[in-house]
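Every chain is numbered from 1, with letters handed out A, B, ... down the list of sequences.
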2 protein chains.
Amino acid sequence: MELLKLSNQLCFPLYALSRKITSHYLPILEKIGLTYPQYLVMMVLWEESGLSVKELGHRLMLDSGTLSPLLKKLEDREILVRTRLKEDERVVIISLTGTGEKLREKASEIPEQIKCCLDLSDKELRDLRTLAAGLLDKINKLEAVHNN
Amino acid sequence: MELLKLSNQLCFPLYALSRKITSHYLPILEKIGLTYPQYLVMMVLWEESGLSVKELGHRLMLDSGTLSPLLKKLEDREILVRTRLKEDERVVIISLTGTGEKLREKASEIPEQIKCCLDLSDKELRDLRTLAAGLLDKINKLEAVHNN
DNA sequence: TGCAATTAAATTGTATACAATTTAATTTTA
DNA sequence: TAAAATTAAATTGTATACAATTTAATTGCA
(Lines give C-alpha, C1' and ligand atoms only; values in the text may rest on other atoms or scores of the structure.)
Protein backbone atom coordinates (compact mmCIF):
# COMPACT_ATOMS: atom_id res chain seq x y z
CA MET A 1 0.00 0.00 0.00
CA GLU A 2 1.25 3.45 -0.91
CA LEU A 3 1.39 4.97 2.56
CA LEU A 4 1.75 8.58 1.44
CA LYS A 5 -1.50 8.54 -0.54
CA LEU A 6 -4.16 10.81 0.86
CA SER A 7 -6.81 8.13 0.48
CA ASN A 8 -4.84 5.75 2.68
CA GLN A 9 -4.51 8.19 5.54
CA LEU A 10 -6.70 8.10 8.58
CA CYS A 11 -6.03 11.72 9.34
CA PHE A 12 -7.52 13.17 6.18
CA PRO A 13 -11.02 11.65 6.20
CA LEU A 14 -11.28 12.49 9.87
CA TYR A 15 -10.15 16.06 9.32
CA ALA A 16 -12.39 16.55 6.31
CA LEU A 17 -15.39 14.85 7.90
CA SER A 18 -15.07 16.91 11.03
CA ARG A 19 -15.01 20.15 9.06
CA LYS A 20 -17.86 18.96 6.86
CA ILE A 21 -20.07 18.15 9.81
CA THR A 22 -19.20 21.45 11.46
CA SER A 23 -20.21 23.26 8.30
CA HIS A 24 -23.65 21.65 8.57
CA TYR A 25 -24.04 23.24 11.98
CA LEU A 26 -23.36 26.74 10.69
CA PRO A 27 -26.73 27.73 9.23
CA ILE A 28 -28.51 26.18 12.20
CA LEU A 29 -26.28 27.80 14.82
CA GLU A 30 -26.49 31.11 13.04
CA LYS A 31 -30.13 31.33 14.12
CA ILE A 32 -29.12 31.40 17.77
CA GLY A 33 -26.02 33.48 17.12
CA LEU A 34 -23.36 30.95 18.10
CA THR A 35 -20.31 29.63 16.32
CA TYR A 36 -19.56 25.93 16.53
CA PRO A 37 -16.90 26.13 19.28
CA GLN A 38 -19.16 28.55 21.18
CA TYR A 39 -21.93 25.96 20.92
CA LEU A 40 -19.63 23.31 22.39
CA VAL A 41 -18.78 25.61 25.29
CA MET A 42 -22.48 26.25 25.86
CA MET A 43 -23.28 22.53 25.84
CA VAL A 44 -20.78 22.00 28.63
CA LEU A 45 -22.15 24.95 30.60
CA TRP A 46 -25.77 23.88 30.12
CA GLU A 47 -24.79 20.60 31.74
CA GLU A 48 -22.86 22.32 34.51
CA SER A 49 -22.49 26.03 35.00
CA GLY A 50 -19.83 27.52 37.25
CA LEU A 51 -16.79 25.69 35.89
CA SER A 52 -13.30 27.13 35.82
CA VAL A 53 -11.64 27.94 32.50
CA LYS A 54 -9.24 25.10 33.20
CA GLU A 55 -12.02 22.57 33.74
CA LEU A 56 -13.88 23.83 30.67
CA GLY A 57 -10.68 23.49 28.71
CA HIS A 58 -10.16 19.99 30.02
CA ARG A 59 -13.62 18.85 28.95
CA LEU A 60 -13.35 20.41 25.49
CA MET A 61 -9.63 19.71 25.10
CA LEU A 62 -9.00 23.36 24.37
CA ASP A 63 -6.48 25.67 26.03
CA SER A 64 -6.86 29.17 27.45
CA GLY A 65 -5.42 30.62 24.27
CA THR A 66 -8.53 29.45 22.46
CA LEU A 67 -11.02 29.81 25.28
CA SER A 68 -10.11 33.23 26.67
CA PRO A 69 -11.10 35.28 23.62
CA LEU A 70 -14.11 33.04 22.94
CA LEU A 71 -15.39 33.46 26.50
CA LYS A 72 -14.79 37.19 26.33
CA LYS A 73 -17.07 37.41 23.30
CA LEU A 74 -19.81 35.48 25.10
CA GLU A 75 -19.39 37.70 28.14
CA ASP A 76 -19.72 40.82 25.97
CA ARG A 77 -23.04 39.45 24.78
CA GLU A 78 -24.07 38.77 28.39
CA ILE A 79 -24.48 35.05 27.80
CA LEU A 80 -22.08 34.29 30.64
CA VAL A 81 -20.09 36.03 33.36
CA ARG A 82 -16.52 35.56 34.52
CA THR A 83 -15.74 35.78 38.22
CA ARG A 84 -12.44 35.36 39.98
CA LEU A 85 -12.63 32.70 42.67
CA LYS A 86 -12.28 34.30 46.14
CA GLU A 87 -10.23 31.44 47.57
CA ASP A 88 -7.83 31.43 44.63
CA GLU A 89 -7.70 34.55 42.55
CA ARG A 90 -5.94 32.77 39.73
CA VAL A 91 -9.06 30.80 38.92
CA VAL A 92 -11.80 32.30 36.73
CA ILE A 93 -15.26 30.79 37.10
CA ILE A 94 -17.61 30.81 34.11
CA SER A 95 -21.31 31.02 34.95
CA LEU A 96 -24.30 31.28 32.65
CA THR A 97 -26.54 34.31 32.89
CA GLY A 98 -30.32 34.08 32.50
CA THR A 99 -29.80 34.84 28.83
CA GLY A 100 -27.33 31.98 28.59
CA GLU A 101 -29.70 29.57 30.32
CA LYS A 102 -32.58 30.60 28.09
CA LEU A 103 -30.50 29.97 24.99
CA ARG A 104 -30.71 26.30 25.84
CA GLU A 105 -34.36 26.12 24.90
CA LYS A 106 -33.62 27.63 21.52
CA ALA A 107 -30.82 25.09 21.09
CA SER A 108 -32.87 22.07 22.06
CA GLU A 109 -33.97 21.40 18.49
CA ILE A 110 -30.46 21.43 17.08
CA PRO A 111 -29.41 17.78 17.50
CA GLU A 112 -32.51 16.59 15.68
CA GLN A 113 -32.03 19.12 12.90
CA ILE A 114 -28.43 18.06 12.40
CA LYS A 115 -29.25 14.38 12.31
CA CYS A 116 -31.90 15.07 9.76
CA CYS A 117 -29.80 17.30 7.48
CA LEU A 118 -26.84 14.92 7.56
CA ASP A 119 -29.13 12.08 6.54
CA LEU A 120 -27.10 9.46 8.38
CA SER A 121 -28.70 6.41 9.91
CA ASP A 122 -28.81 5.92 13.67
CA LYS A 123 -26.42 3.06 13.26
CA GLU A 124 -23.89 5.08 11.26
CA LEU A 125 -24.01 7.89 13.80
CA ARG A 126 -23.69 5.52 16.72
CA ASP A 127 -20.89 3.46 15.20
CA LEU A 128 -18.82 6.48 14.33
CA ARG A 129 -19.43 8.14 17.68
CA THR A 130 -18.49 4.98 19.55
CA LEU A 131 -15.36 4.44 17.51
CA ALA A 132 -14.25 8.08 17.64
CA ALA A 133 -15.00 8.43 21.35
CA GLY A 134 -13.14 5.18 22.00
CA LEU A 135 -10.03 6.26 20.16
CA LEU A 136 -10.14 9.68 21.75
CA ASP A 137 -10.27 8.03 25.12
CA LYS A 138 -7.39 5.76 24.26
CA ILE A 139 -5.24 8.64 23.03
CA ASN A 140 -6.03 10.68 26.10
CA LYS A 141 -5.06 7.81 28.41
CA LEU A 142 -1.88 7.35 26.41
CA GLU A 143 -1.04 11.01 26.87
CA ALA A 144 -1.84 10.86 30.56
CA VAL A 145 0.66 8.02 30.99
CA HIS A 146 3.20 9.87 28.90
CA ASN A 147 2.94 12.95 31.11
CA ASN A 148 3.64 11.10 34.34
CA MET B 1 -31.19 10.28 25.93
CA GLU B 2 -30.23 13.87 26.72
CA LEU B 3 -29.52 15.07 23.20
CA LEU B 4 -27.72 18.26 24.20
CA LYS B 5 -25.08 16.43 26.21
CA LEU B 6 -21.60 16.70 24.79
CA SER B 7 -20.98 12.99 25.27
CA ASN B 8 -23.97 12.13 23.11
CA GLN B 9 -22.85 14.23 20.16
CA LEU B 10 -21.15 12.79 17.14
CA CYS B 11 -19.63 16.12 16.29
CA PHE B 12 -17.54 16.55 19.42
CA PRO B 13 -15.55 13.29 19.49
CA LEU B 14 -14.89 13.71 15.80
CA TYR B 15 -13.75 17.30 16.22
CA ALA B 16 -11.61 16.51 19.25
CA LEU B 17 -10.13 13.35 17.73
CA SER B 18 -9.26 15.13 14.53
CA ARG B 19 -7.42 17.87 16.43
CA LYS B 20 -5.74 15.33 18.68
CA ILE B 21 -4.43 13.29 15.76
CA THR B 22 -3.27 16.45 14.01
CA SER B 23 -1.37 17.44 17.12
CA HIS B 24 0.52 14.15 16.93
CA TYR B 25 1.73 15.12 13.47
CA LEU B 26 3.18 18.42 14.65
CA PRO B 27 6.53 17.33 16.13
CA ILE B 28 7.07 14.95 13.21
CA LEU B 29 6.14 17.48 10.52
CA GLU B 30 8.26 20.13 12.20
CA LYS B 31 11.33 18.18 11.17
CA ILE B 32 10.51 18.70 7.50
CA GLY B 33 9.17 22.21 8.05
CA LEU B 34 5.54 21.64 7.11
CA THR B 35 2.29 22.35 8.92
CA TYR B 36 -0.45 19.77 8.81
CA PRO B 37 -2.53 21.38 6.02
CA GLN B 38 0.67 22.00 4.08
CA TYR B 39 1.47 18.30 4.43
CA LEU B 40 -1.95 17.41 3.03
CA VAL B 41 -1.35 19.70 0.06
CA MET B 42 2.03 18.08 -0.50
CA MET B 43 0.55 14.59 -0.36
CA VAL B 44 -1.82 15.50 -3.17
CA LEU B 45 0.97 17.05 -5.21
CA TRP B 46 3.33 14.13 -4.66
CA GLU B 47 0.64 11.96 -6.20
CA GLU B 48 0.01 14.38 -9.03
CA SER B 49 1.85 17.62 -9.64
CA GLY B 50 0.49 20.31 -11.94
CA LEU B 51 -3.04 20.59 -10.57
CA SER B 52 -5.06 23.77 -10.58
CA VAL B 53 -5.92 25.48 -7.30
CA LYS B 54 -9.53 24.53 -7.93
CA GLU B 55 -8.72 20.82 -8.36
CA LEU B 56 -6.44 20.89 -5.33
CA GLY B 57 -9.24 22.53 -3.37
CA HIS B 58 -11.68 19.91 -4.58
CA ARG B 59 -9.50 17.03 -3.45
CA LEU B 60 -8.80 18.56 -0.06
CA MET B 61 -12.23 20.14 0.33
CA LEU B 62 -10.63 23.51 0.93
CA ASP B 63 -11.39 26.80 -0.81
CA SER B 64 -9.07 29.39 -2.32
CA GLY B 65 -9.42 31.49 0.82
CA THR B 66 -7.52 28.80 2.68
CA LEU B 67 -5.29 27.58 -0.14
CA SER B 68 -4.08 30.86 -1.63
CA PRO B 69 -2.07 32.07 1.37
CA LEU B 70 -0.89 28.53 2.15
CA LEU B 71 0.36 28.02 -1.42
CA LYS B 72 2.02 31.41 -1.37
CA LYS B 73 4.05 30.39 1.68
CA LEU B 74 5.17 27.18 -0.03
CA GLU B 75 6.07 29.14 -3.15
CA ASP B 76 8.15 31.57 -1.08
CA ARG B 77 10.09 28.58 0.18
CA GLU B 78 10.50 27.32 -3.40
CA ILE B 79 8.72 24.06 -2.69
CA LEU B 80 6.28 24.74 -5.53
CA VAL B 81 5.62 27.23 -8.31
CA ARG B 82 2.44 28.87 -9.50
CA THR B 83 1.89 29.36 -13.20
CA ARG B 84 -1.05 30.88 -14.99
CA LEU B 85 -2.46 28.52 -17.59
CA LYS B 86 -1.85 29.91 -21.11
CA GLU B 87 -5.18 28.73 -22.47
CA ASP B 88 -7.13 30.18 -19.56
CA GLU B 89 -5.41 32.86 -17.58
CA ARG B 90 -7.86 32.51 -14.70
CA VAL B 91 -6.42 29.12 -13.82
CA VAL B 92 -3.31 28.83 -11.66
CA ILE B 93 -1.36 25.60 -11.93
CA ILE B 94 0.59 24.36 -8.93
CA SER B 95 3.73 22.38 -9.72
CA LEU B 96 6.35 20.94 -7.42
CA THR B 97 9.92 22.11 -7.72
CA GLY B 98 12.87 19.77 -7.29
CA THR B 99 12.93 20.80 -3.66
CA GLY B 100 9.27 19.88 -3.34
CA GLU B 101 9.80 16.50 -4.99
CA LYS B 102 12.76 15.76 -2.76
CA LEU B 103 10.74 16.53 0.34
CA ARG B 104 8.79 13.35 -0.40
CA GLU B 105 11.69 11.17 0.58
CA LYS B 106 11.98 12.92 3.90
CA ALA B 107 8.23 12.46 4.39
CA SER B 108 8.17 8.78 3.52
CA GLU B 109 8.72 7.72 7.11
CA ILE B 110 5.87 9.81 8.49
CA PRO B 111 2.91 7.41 8.16
CA GLU B 112 4.80 4.70 10.06
CA GLN B 113 5.89 7.12 12.75
CA ILE B 114 2.34 8.35 13.25
CA LYS B 115 0.90 4.87 13.45
CA CYS B 116 3.48 3.99 16.00
CA CYS B 117 3.08 7.08 18.19
CA LEU B 118 -0.71 6.84 18.17
CA ASP B 119 -0.45 3.23 19.31
CA LEU B 120 -3.63 2.20 17.53
CA SER B 121 -4.10 -1.27 16.10
CA ASP B 122 -4.34 -1.84 12.37
CA LYS B 123 -7.94 -2.77 12.85
CA GLU B 124 -8.82 0.39 14.75
CA LEU B 125 -7.13 2.53 12.13
CA ARG B 126 -8.78 0.68 9.27
CA ASP B 127 -12.24 0.68 10.84
CA LEU B 128 -12.18 4.36 11.59
CA ARG B 129 -10.77 5.26 8.19
CA THR B 130 -13.36 3.16 6.41
CA LEU B 131 -16.21 4.58 8.45
CA ALA B 132 -15.04 8.19 8.20
CA ALA B 133 -14.27 7.94 4.50
CA GLY B 134 -17.66 6.32 3.92
CA LEU B 135 -19.57 9.05 5.70
CA LEU B 136 -17.52 11.73 4.00
CA ASP B 137 -18.41 10.20 0.68
CA LYS B 138 -22.05 10.03 1.58
CA ILE B 139 -22.16 13.65 2.71
CA ASN B 140 -20.36 14.77 -0.43
CA LYS B 141 -22.82 12.93 -2.64
CA LEU B 142 -25.67 14.44 -0.67
CA GLU B 143 -24.26 17.90 -1.26
CA ALA B 144 -23.72 17.20 -4.93
CA VAL B 145 -27.40 16.31 -5.30
CA HIS B 146 -28.38 19.34 -3.30
CA ASN B 147 -26.43 21.64 -5.60
CA ASN B 148 -28.12 20.43 -8.77
C1' DT C 1 -20.44 41.57 -31.85
C1' DG C 2 -20.98 43.25 -27.23
C1' DC C 3 -22.43 43.02 -22.86
C1' DA C 4 -24.26 40.20 -19.05
C1' DA C 5 -23.36 36.03 -16.54
C1' DT C 6 -20.04 32.90 -15.02
C1' DT C 7 -15.75 31.30 -13.37
C1' DA C 8 -11.01 30.93 -10.91
C1' DA C 9 -8.11 33.07 -7.63
C1' DA C 10 -7.08 36.33 -4.52
C1' DT C 11 -8.39 39.34 -0.89
C1' DT C 12 -10.89 40.83 3.26
C1' DG C 13 -12.76 40.12 7.65
C1' DT C 14 -13.90 37.22 11.53
C1' DA C 15 -13.18 33.31 14.45
C1' DT C 16 -10.72 29.65 15.88
C1' DA C 17 -6.33 26.56 17.34
C1' DC C 18 -2.27 26.31 19.59
C1' DA C 19 2.70 27.08 20.93
C1' DA C 20 5.13 30.23 23.62
C1' DT C 21 5.35 33.97 26.67
C1' DT C 22 3.63 36.96 30.26
C1' DT C 23 1.21 38.16 34.45
C1' DA C 24 -0.47 37.49 38.80
C1' DA C 25 -1.48 34.44 42.55
C1' DT C 26 -0.39 30.48 45.30
C1' DT C 27 2.69 26.65 46.97
C1' DT C 28 6.76 24.61 47.97
C1' DT C 29 10.93 24.37 50.01
C1' DA C 30 15.55 25.59 51.43
C1' DT D 1 9.56 32.89 56.02
C1' DA D 2 11.41 34.58 51.71
C1' DA D 3 12.84 33.22 47.31
C1' DA D 4 11.97 29.63 43.83
C1' DA D 5 8.79 26.80 41.55
C1' DT D 6 4.26 26.10 40.10
C1' DT D 7 -0.20 27.20 38.48
C1' DA D 8 -4.32 29.56 36.00
C1' DA D 9 -5.50 32.89 32.64
C1' DA D 10 -4.50 36.06 29.44
C1' DT D 11 -1.73 37.67 25.72
C1' DT D 12 1.11 37.32 21.53
C1' DG D 13 2.20 35.53 17.19
C1' DT D 14 1.43 32.38 13.41
C1' DA D 15 -1.44 29.54 10.62
C1' DT D 16 -5.55 27.91 9.29
C1' DA D 17 -10.93 27.87 7.87
C1' DC D 18 -14.42 29.94 5.59
C1' DA D 19 -18.06 33.35 4.18
C1' DA D 20 -18.26 37.26 1.36
C1' DT D 21 -16.32 40.36 -1.80
C1' DT D 22 -13.23 41.71 -5.47
C1' DT D 23 -10.58 41.18 -9.66
C1' DA D 24 -9.61 39.52 -13.99
C1' DA D 25 -10.59 36.38 -17.62
C1' DT D 26 -13.77 33.70 -20.30
C1' DT D 27 -18.43 32.27 -22.00
C1' DG D 28 -22.85 32.64 -23.48
C1' DC D 29 -26.42 34.68 -25.61
C1' DA D 30 -29.47 38.49 -27.28
Side-chain angles (χ1 to χ4, degrees), chain A residues 11-12 15-27 29-30 33-42 51-58 60-77 80-94 143 147, chain B residues 11-12 15-27 29-30 33-42 51-58 60-77 80-94 143 147:
Chain A
C11 56
F12 176 67
Y15 159 83
L17 182 60
S18 173
R19 282 185 298 122
K20 205 55 112 174
I21 289 182
T22 301
S23 77
H24 279 263
Y25 276 87
L26 285 188
L29 288 174
E30 205 168 58
L34 294 176
T35 64
Y36 180 71
Q38 287 170 359
Y39 173 63
L40 294 180
V41 166
M42 293 305 289
L51 297 174
S52 66
V53 172
K54 181 191 159 83
E55 176 59 24
L56 205 50
H58 178 71
L60 293 168
M61 302 177 206
L62 290 171
D63 69 8
S64 69
T66 302
L67 287 175
S68 286
L70 188 157
L71 293 170
K72 189 172 285 179
K73 281 182 204 112
L74 294 177
E75 186 172 43
D76 289 345
R77 293 170 51 200
L80 52 81
V81 286
R82 290 195 286 185
T83 334
R84 291 271 167 190
L85 194 66
K86 279 263 177 13
E87 305 88 66
D88 186 342
E89 293 274 351
R90 289 171 306 182
V91 177
V92 168
I93 298 297
I94 307 297
E143 283 177 9
N147 294 330
Chain B
C11 58
F12 176 67
Y15 159 82
L17 182 61
S18 173
R19 283 185 298 121
K20 204 56 110 174
I21 289 181
T22 301
S23 77
H24 279 264
Y25 276 87
L26 285 188
L29 288 175
E30 205 168 59
L34 294 177
T35 64
Y36 181 70
Q38 287 170 359
Y39 173 62
L40 294 180
V41 166
M42 293 305 288
L51 296 174
S52 66
V53 173
K54 180 190 160 84
E55 176 59 24
L56 206 49
H58 178 71
L60 293 168
M61 303 178 205
L62 291 170
D63 69 8
S64 68
T66 301
L67 287 176
S68 286
L70 187 157
L71 293 170
K72 189 173 285 180
K73 280 181 205 114
L74 294 177
E75 186 173 44
D76 288 345
R77 293 171 50 201
L80 51 81
V81 286
R82 291 195 285 185
T83 335
R84 293 268 167 191
L85 194 64
K86 279 264 177 16
E87 305 88 67
D88 186 343
E89 292 274 352
R90 289 171 305 182
V91 177
V92 168
I93 298 296
I94 307 297
E143 283 177 8
N147 293 331

For a quick check of understanding: with a heavy-atom distance under 4.0 Å over all strands, which category does [X] fall into, base, sugar-phosphate or nothing?
{"X": "A:S23", "value": "nothing"}
{"X": "A:D63", "value": "base"}
{"X": "A:E87", "value": "sugar-phosphate"}
{"X": "B:T22", "value": "nothing"}

Please report the shortest heavy-atom distance between [X] and [Y], naming the atom on each side.
{"X": "A:F12", "Y": "B:L40", "result": "CD1-CD1, 4.0 Å"}
{"X": "B:L62", "Y": "B:T66", "result": "CD2-CG2, 4.2 Å"}
{"X": "B:L56", "Y": "B:L67", "result": "C-CD1, 4.1 Å"}

Taking the side chain of [X] as its heavy atoms from C-beta onward, which of [options] lies nearest to it?
{"X": "A:P37", "options": "D:dA9, C:dT16, D:dA17", "answer": "C:dT16"}
{"X": "A:T66", "options": "D:dA10, C:dA17, C:dA10", "answer": "C:dA17"}
{"X": "A:Q38", "options": "C:dA8, C:dT16, D:dA9", "answer": "C:dT16"}
{"X": "A:E89", "options": "D:dA17, C:dA25, C:dT16", "answer": "C:dA25"}

In whole Å, what is the span from the [atom1] atom of [X] to the [atom2] atom of [N]?
{"X": "A:E75", "N": "D:dA9", "atom1": "CD", "atom2": "P", "value": "14 Å"}
{"X": "B:E143", "N": "D:dC18", "atom1": "CD", "atom2": "C1'", "value": "14 Å"}
{"X": "B:L70", "N": "D:dC18", "atom1": "CG", "atom2": "C1'", "value": "14 Å"}
{"X": "B:L40", "N": "D:dA15", "atom1": "CG", "atom2": "P", "value": "16 Å"}
{"X": "A:R19", "N": "D:dC18", "atom1": "CZ", "atom2": "C1'", "value": "10 Å"}
{"X": "B:M61", "N": "D:dA17", "atom1": "CE", "atom2": "P", "value": "14 Å"}
{"X": "A:R84", "N": "D:dT7", "atom1": "CZ", "atom2": "C1'", "value": "12 Å"}
{"X": "A:K54", "N": "D:dA10", "atom1": "NZ", "atom2": "P", "value": "14 Å"}

Look at the side-chain N and O atoms of [X] and state whether any lies under 4.0 Å from the OP1 or OP2 oxygen of [N].
{"X": "B:K72", "N": "C:dA9", "result": "no"}
{"X": "A:Y36", "N": "C:dA15", "result": "no"}
{"X": "A:Y15", "N": "D:dA17", "result": "yes"}
{"X": "A:R90", "N": "D:dT6", "result": "no"}
{"X": "A:T35", "N": "C:dT16", "result": "yes"}
{"X": "B:R82", "N": "C:dA10", "result": "yes"}
{"X": "B:K73", "N": "D:dT16", "result": "yes"}

Quiz item: B:S64 side-chain donor-acceptor pair to C:dA10 base, under 3.5 Å: yes
State, yes or no, whether a side-chain contact exists between A:I94 and A:E55 at a heavy-atom distance under 4.5 Å. no
Upstream residue (5' side of DNA chain D) when A:L67 and A:E30 are each assigned their closest nucleotide: A:L67
Closest-nucleotide ordering on DNA chain D, the 5'-leading residue of A:S68 and A:L26: A:S68
Measure the acute angle between the ring planes of A:Y15 and B:Y36, then classify it against the limits of 30° and 60° as parallel, tilted or perpendicular. perpendicular
With the threshold set at 4.0 Å, does a side-chain nitrogen-carboxylate oxygen contact exist between B:E89 and B:R84? no
